[in-house]
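This report refers to the structure that appears directly beneath it.
By convention in this document, chain letters (A, B, ...) are assigned in the order of the sequence lines, proteins followed by strands, and residues within each chain are numbered from 1. Everything numeric in this text was worked out from a predicted model, so none of it was measured. The figures here come from the full heavy-atom set of this structure, side chains too, leaving out hydrogens, waters and symmetry mates.
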2 protein chains.
Amino acid sequence: MDKTICTCDLCKNKLCARTVSIFSSLDADQLSEVINLIVHRQYKKGELLLLEEEAVNGLVIINEGQVKAFRTSPEGREQILHIFSEGDFFGERNLLREQNSPYSVEALEETHVCLIDKRDFQVMVRESPDIALKIMEALCEKLDRLENTVETMGARTVDARVSAVLLEFANKYGKPHSKGIMIELPLNREGIANYIGLTRETVSRKMSHLQEDGILEMVGNKKVLLLDRPALEKAAE
Amino acid sequence: MDKTICTCDLCKNKLCARTVSIFSSLDADQLSEVINLIVHRQYKKGELLLLEEEAVNGLVIINEGQVKAFRTSPEGREQILHIFSEGDFFGERNLLREQNSPYSVEALEETHVCLIDKRDFQVMVRESPDIALKIMEALCEKLDRLENTVETMGARTVDARVSAVLLEFANKYGKPHSKGIMIELPLNREGIANYIGLTRETVSRKMSHLQEDGILEMVGNKKVLLLDRPALEKAAE
DNA sequence: CGGGCACTTGATAGTAATCAAGTCCGGTGG
DNA sequence: CCACCGGACTTGATTACTATCAAGTGCCCG
């Protein structure tokens with residue numbers, strides 16, 4: 001795990017803390033206090049930010065890039081639990097209790113993070129109780145998403161699962177495009193498979209099928225152009 | 001939804017609020033104040049406490065009995081997300097935000113609950129911030145459990161899933177027994193299937209297989225005697 | 001431009017869902 | 001307390017689907 005000083009624009013300008021909703025209730029003084037406590041790090045694609053069962057020593061805020069949080073089963077199958085992007089954070093569950101990390105976290109691309117030490121954060125929460133509310137909000141959002149995931153994985157067909165994950169990516173990463181919505185995929189085929197409990201071959205086949213049906217168009221391996229969103233929504237049901 | 005006055009011993013003696021960890025930080029005065037705000041209800045097996053997409057008007061604490069929280073997919077498949085028993089509560093996510101229920105809740109047996117109105121609860125949280133911490137704890141526990149569920153459903157074999165759910169029940173409902181651990185199952189075969197995304201027939205077959213292997217013994221339809229816990233743990237990996 | 005890795009596509013096998021009886025449990029009423 | 005009835009459970013046969021194994025193609029990065 002290579003630790004380097006963060007050089008991204010946001011951090012150089014000391015604005016990183018301002019972009020994160022968790023600190024939105026702080027005034028300028030409090031904010032500059034926070035900024036002084038923040039340690040910056042950056043990770044290359046494939047580097048680990050955290051290892052399952054390891055002690056968590058603070059809150060990690062993604063400032064640039066994205067990461068996957070995953071577990072590996074005894075047989076070696078990887079299950080991705082969360083994908084965190086700019087503005088997301090993790091480690092909040094371990095700020096108030098002594099417990100090791102429930103997952104490993106790996107950079108999916110060049111990723112810059114802001115790190116706040118556990119003790120510093122505990123002080124901050126005590127001084128600004130609104131932060132606790134923001135954390136609760138974040139916990140609720142994660143719960144909502146995981147409940148959706150459980151329903152999708154337990155009660156939906158495989159076709160619906162693939163459609164659902166593409167819709168999720170369209171909502172999160174989609175950019176308007178003349179023919180529809182251009183989606184920059186955060187995961188390769190194997191990653192998508194590990195996110196919804198399938199194999200890469202099955203994901204590949206189902207995506208090809210969606211292309212045949214004219215619902216989407218694959219643009220290289222890393223992008224998808226969603227042509228018919230309503231049809232994809234119907235397929236995800 | 002039949003609403004009746006609660007007649008269970010705990011409530012008659014006004015002790016119900018005391019048994020719930022969420023109020024453990026309150027002193028006697030605060031507690032009696034809480035007790036005056038509590039409304040009691042009881043539900044028969046099969047009755048709905050809450051319907052998906054319905055407004056949630058307060059916190060529901062299970063005082064006696066148990067319930068399942070579930071969603072029904074468009075094709076009619078039911079996915080159970082949580083099982084709540086004595087001391088558990090739900091609805092906490094809707095206390096701080098306006099959002100409808102993410103699931104339906106149905107009584108699995110005669111169930112007595114304590115209900116605290118949303119507004120009353122918001123006042124309580126403001127007066128006793130420790131309650132917010134308790135809620136955060138509960139949210140974290142639910143997150144932990146759902147992450148386990150996602151991993152189990154996505155990355156484990158079907159045999160491992162059945163073993164895992166039986167272990168979960170053993171931990172939660174198991175009572176020591178001369179030959180092992182006696183488990184009173186909260187769900188019938190179909191319910192177990194809907195909890196781990198399988199069909200009742202498959203669950204039935206896998207449980208028969210575990211019995212053939214001498215790992216457990218079925219005692220009627222509603223109980224299981226776990227004979228070899230280490231073997232079940234190994235099978236759940 | 002070239003090589004390696006990710007992706008696609010095909011063939012096969014394994015496993016759970018489905019369809020279909022038949023059995024047993026458990027609650028009810030005599 | 002026992003007999004009976006209905007629903008839950010088990011077990012079997014078949015089908016459908018995805019994982020696996022395998023080969024070939026094409027994308028992407030250096």
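Aromatic ring orientation, A:F169 versus A:Y195: parallel (interplanar angle below 30°, classes split at 30° and 60°). Between A:F90 and A:F84, the ring-plane angle classifies as parallel under the 30° and 60° cut-offs.
Distance CG (B:L108) to P (D:dA8): 14 Å, rounded to an integer number of Å. B:L210 places its CG atom 13 Å from the P atom of D:dT11, with the value rounded to the nearest Å. With rounding to whole Å, A:E190 atom CD is found 8 Å from C:dC7 atom P. Atoms NZ (B:K45) and P (D:dG7) sit 13 Å apart, rounded to a whole Å. Distance A:K206 NZ to C:dT8 C1': 15 Å, rounded to the nearest Å. Between the CG atom of B:D159 and the C1' atom of D:dA19 there is a distance of 15 Å, given to the nearest Å.
B:E75 has its side chain within reach of A:T157: a pair of non-hydrogen atoms, C-beta onward, lies under 4.5 Å apart. A heavy-atom distance below 4.5 Å is not found between the side chains of A:I181 and A:K175.
Of the listed nucleotides (D:dT11, D:dC28, D:dC9), D:dC9 has the atom at the smallest distance from the side chain of B:N221.
Using a 4.0 Å cut-off between charged side-chain N and carboxylate O, B:E109 and B:K45 make no salt bridge.
Within the 4.0 angstrom heavy-atom criterion, only backbone atoms of the sugar-phosphate kind lie near B:M218; the bases stay farther away. Here A:K223 lies out of heavy-atom contact (under 4.0 Å) with every strand.
Shown for residues 192-205 of chain A: residues whose heavy atoms fall under 4.0 angstrom of DNA chain C, namely A:E201, A:S204, A:R205. Contact check of residues 67-75 of chain B against DNA chain D (heavy atom, cut-off under 4.0 Å) returns no residues at all.
Side-chain atoms of B:Y173 and B:Q66 include a donor-acceptor pair closer than 3.5 Å.
Partners of A:N57 according to the side chain to side chain donor-acceptor pair (under 3.5 Å) rule, which considers only residues two or more places apart in sequence or in another chain, do not exist here.
Neither OP1 nor OP2 of C:dC7 sits under 4.0 Å from any side-chain N or O of A:K222.
One N or O on the side chain of B:T152 and one on the backbone of B:N148 form a donor-acceptor pair closer than 3.5 Å.
None of B:V113, B:I38, B:I22 except one satisfies the side-chain contact (heavy atoms from CB on, under 4.5 Å) rule with B:L59; the exception is B:I22.
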